[in-house]
S.K.: 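Pasting a structure below so you can have a look.
Each chain gets a letter, A, B and so on, in the order its sequence line appears, and its residues count up from 1.
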Number of protein chains: 2
Amino acid sequence: MAITSRDVARMAGVSQPTVSRVLRGAPGVAPETRARVLSAARALSYVPSETGRSLATRATRRIGLVADDLTNPFYPELVEPLRDRLEQAGYRALLVSDRVDDPVEADRLADGSLDGVVLTTTEVGSALPHELVRRGVPCVLANREAAGLPADTCVVDNQLGGAQVAGLLASLGHRRLGAVFGPASTSTGRDREAGFRAALGEHGIPLRAELVRRGPFTHDAGRAAVGELLGLPAPPTAVFCANDVVAMGACSAAAALGVRVPDDLTIVGFDDIAMASWDVFGLSTVRGDLTLMADEVVRMLLARIADPGRPAERVVIAPALVLRRSHNAV
Amino acid sequence: MAITSRDVARMAGVSQPTVSRVLRGAPGVAPETRARVLSAARALSYVPSETGRSLATRATRRIGLVADDLTNPFYPELVEPLRDRLEQAGYRALLVSDRVDDPVEADRLADGSLDGVVLTTTEVGSALPHELVRRGVPCVLANREAAGLPADTCVVDNQLGGAQVAGLLASLGHRRLGAVFGPASTSTGRDREAGFRAALGEHGIPLRAELVRRGPFTHDAGRAAVGELLGLPAPPTAVFCANDVVAMGACSAAAALGVRVPDDLTIVGFDDIAMASWDVFGLSTVRGDLTLMADEVVRMLLARIADPGRPAERVVIAPALVLRRSHNAV
DNA sequence: TTGTATGCGTTATCAT
DNA sequence: ATGATAACGCATACAA
């Protein structure tokens, strides 16, 4: 049996509401009573029940963090600063998985155990954010966006980032380009591709269909795709990868085939996760500031919790090329 | 205002407890009433309040996952299967950070919002597990252990794993060994070192103090340490690293200095995280089955929740050498 | 089979 | 300044 405020009240010789007042630091309690209550609470190792408090206040100070597979090195880079900011704001992070083969049910996010939800793996046509908005669950999309959704969103300018890579490869003199794009069902995959293609067009550089692959944001997908490209009679001199994890798969493919990076192959990623700077990769990539993204996401979420009626915001983070050692002029 | 079971009851023309019975699938409800209640619930998009339920049942079906930095690639490998098993068992995972500069307070884990806790980053002398046990919070140590603690624990046989590495290096003919051990404040760091040293002694191979470094389980620590070792007049021909992440730091150091792996330097890690098999690393290491660990941890935790009085269990997982391409004979 | 009454542990309103 | 009382949304013992 856990200790309750009643037990503390009994021991301190006061009423239960007085205990509540003292432990909340509410004003209007005599210093002497306060001291008596506090010492009783300490003696009993009393900790107020979060459940009781939640029921009374209708707030749980808990936020759902919906993510796919955390072993994919991209997600911790986003989840970690999110959890950090949330804890700083007095909230706690509940990790909810959302697998393709086992998607979250909206019910589990709308059961009143969460004050809000951050979605990090939303697919373009997903019904989940709409469902949450409909049910009045405060909700912010991080990193991904869904068209026509009246919900707060924070994304990197993926089109611009893609265009920056195209510009880099063009200026390095590459003309035989390869690409491993992300899933078309994700705004990140789609937008990076669109920006890359458009800018390539402006530079008058073709992107041959046989040098284009598409796959999930995983190492293995990048490895397989670039393995194929490197086996072609006329392989590309540079590949743009959907993100850093895919680019690391490209590095793996190159390593397995004895292809030197960047001498024989230029590899460019996207995101600038911490591992991209490891010497084994030295990955040239596009930086999207995920810490800033976490800041914005948490700010918007708290604002929405405070005022559910506020207009939806869309924050766009400027991307920046990070040039390391995985690129070279032809 | 959220929908409550009262609203559903009113709409279905039954009492509130009947709604509760139907939605829990409790027996003894007329099929016709059940249908009426369910259709009312559906019409109102009713979802039972987890908070109300928790208060009534004194169970939250929520487990705290205490971890340090998830961007350290080791932790997701443990956290992900844990969360997976927990969700399969009908529990949800609350992510709680426990930083050296900002440790968790036991109060936050004992506020009744959690049915149990999994500790993954416990240091040898930490008071936290003792405190939790004292307060009756069901609690399991995963991956790390603390001496003299009457709590359920699951660890890899780190001493044996360290010994296996020593045996491997001995059989490859290495006599000038280096090591980057983990913090002595962790059982993993301490035990791997002890097992390695002991077995080395049995093989009659010395471990010179000037070729030993110690640091946290991070890439950067491994990179710095091995960078130093490689700069020595007589560098080691092989290094045993505290874990895979440290070993990847070693790979980075080698890459930065143009030292070839495994031709010029043998690197062996510990854990066999997914990245270890990436071609850029091809890391030879010791496998500790973290999926199995998650199974055992969740099993023990649920057993303790069901029966707080049961004796503490200690499960030890057998390590196994995984030989890839980062080792070589001298 | 169903309804009534009560309790879970807190906060909050209203007296005193 | 403090106590009595009533929610909060559910589950459960008991009555009918």
S.K.: Give the minimum heavy-atom separation between B/V124 and B/S187, together with the two atoms involved.
M.R.: CG2-N, 3.7 Å

S.K.: Just to verify, what does A/R53 make a salt bridge (Lys or Arg N to Asp or Glu O under 4.0 Å) with, not counting sequence neighbours?
M.R.: A/E50

S.K.: Enumerate the protein-to-nucleotides 2-4 of chain D contacts in which both atoms are nitrogen or oxygen and the separation is below 3.5 Å.
M.R.:
unit_1: D/dT2; atom_1: OP1; unit_2: A/T33; atom_2: OG1; d: 2.5
unit_1: D/dT2; atom_1: OP2; unit_2: A/A30; atom_2: N; d: 2.8
unit_1: D/dT2; atom_1: OP2; unit_2: A/T33; atom_2: OG1; d: 3.0
unit_1: D/dG3; atom_1: OP2; unit_2: A/S15; atom_2: N; d: 2.9
unit_1: D/dG3; atom_1: OP2; unit_2: A/S15; atom_2: OG; d: 2.8
unit_1: D/dG3; atom_1: OP2; unit_2: A/T18; atom_2: OG1; d: 2.7
unit_1: D/dG3; atom_1: N7; unit_2: A/R21; atom_2: NH2; d: 2.7
unit_1: D/dG3; atom_1: O6; unit_2: A/R21; atom_2: NH1; d: 3.4

S.K.: Rounded to the nearest Å, what distance is computed from the CG atom of residue A/D111 to the P atom of nucleotide D/dC8?
M.R.: 19 Å

S.K.: Please report the distance, rounded to the nearest Å, between CZ in B/R58 and C1' in C/dG7.
M.R.: 8 Å

S.K.: Can you pull out every salt bridge (charged side-chain N to carboxylate O under 4.0 Å, His left out) where at least one residue sits in residues 110-127 of chain A? Sequence neighbours excluded, please.
M.R.: A/D111-B/R92

S.K.: Less than 4.0 angstrom between a side-chain N/O of B/S20 and OP1 or OP2 of D/dC10, yes or no?
M.R.: no

S.K.: In this structure, how many angstroms lie between the P atom of C/dT1 and the CZ atom of B/R36, rounded?
M.R.: 14 Å

S.K.: What pairs of residues pass the salt bridge (charged side-chain N to carboxylate O under 4.0 Å, His left out) test when at least one of them lies in residues 136-147 of chain A, not counting sequence neighbours?
M.R.: A/E145-A/R314

S.K.: Please name all residues satisfying side-chain contact (heavy atoms from CB on, under 4.5 Å) with B/T71, sequence neighbours left out, ordered by chain then number.
M.R.: A/P76, A/E80, B/D69

S.K.: What is the distance, rounded to the nearest whole Å, between atom CZ of A/R24 and atom C1' of C/dG9?
M.R.: 13 Å

S.K.: Rounded to the nearest 0.5 Å, what separation is found between the CZ atom of A/R34 and the OG1 atom of A/T18?
M.R.: 11.0 Å

S.K.: Under 4.0 Å from any atom of DNA chain C, heavy atoms only: list the residues of residues 37-57 of chain B that qualify, in numerical order.
M.R.: B/L55, B/A56

S.K.: Not counting sequence neighbours, which residues clear side-chain contact (heavy atoms from CB on, under 4.5 Å) with B/S45? List them please.
M.R.: A/R134

S.K.: Could you work out, with side-chain contact (heavy atoms from CB on, under 4.5 Å) as the rule, every residue matching B/L55, not counting sequence neighbours?
M.R.: A/T51, A/L55

S.K.: If I take atom CZ in residue A/R6 and atom C1' in nucleotide C/dC8, what distance separates them, rounded to the nearest angstrom?
M.R.: 10 Å

S.K.: Return the set of residues passing side-chain contact (heavy atoms from CB on, under 4.5 Å) with B/R299 (not counting sequence neighbours), or none when no residue passes.
M.R.: B/E296, B/R310, B/E313, B/V315

S.K.: Using five base pairs at each end to define the local axes, how bent is the helix from C/dT1-D/dA16 to C/dT16-D/dA1, to the nearest 10°?
M.R.: 40°

S.K.: For A/S97, check side-chain hydrogen bond (donor to acceptor under 3.5 Å, both in side chains) against everything at least two apart and list the hits.
M.R.: B/E87

S.K.: Looking at residues at least two apart in the chain, or sitting in another chain, which of them share a salt bridge (Lys or Arg N to Asp or Glu O under 4.0 Å) with A/D68?
M.R.: A/R99

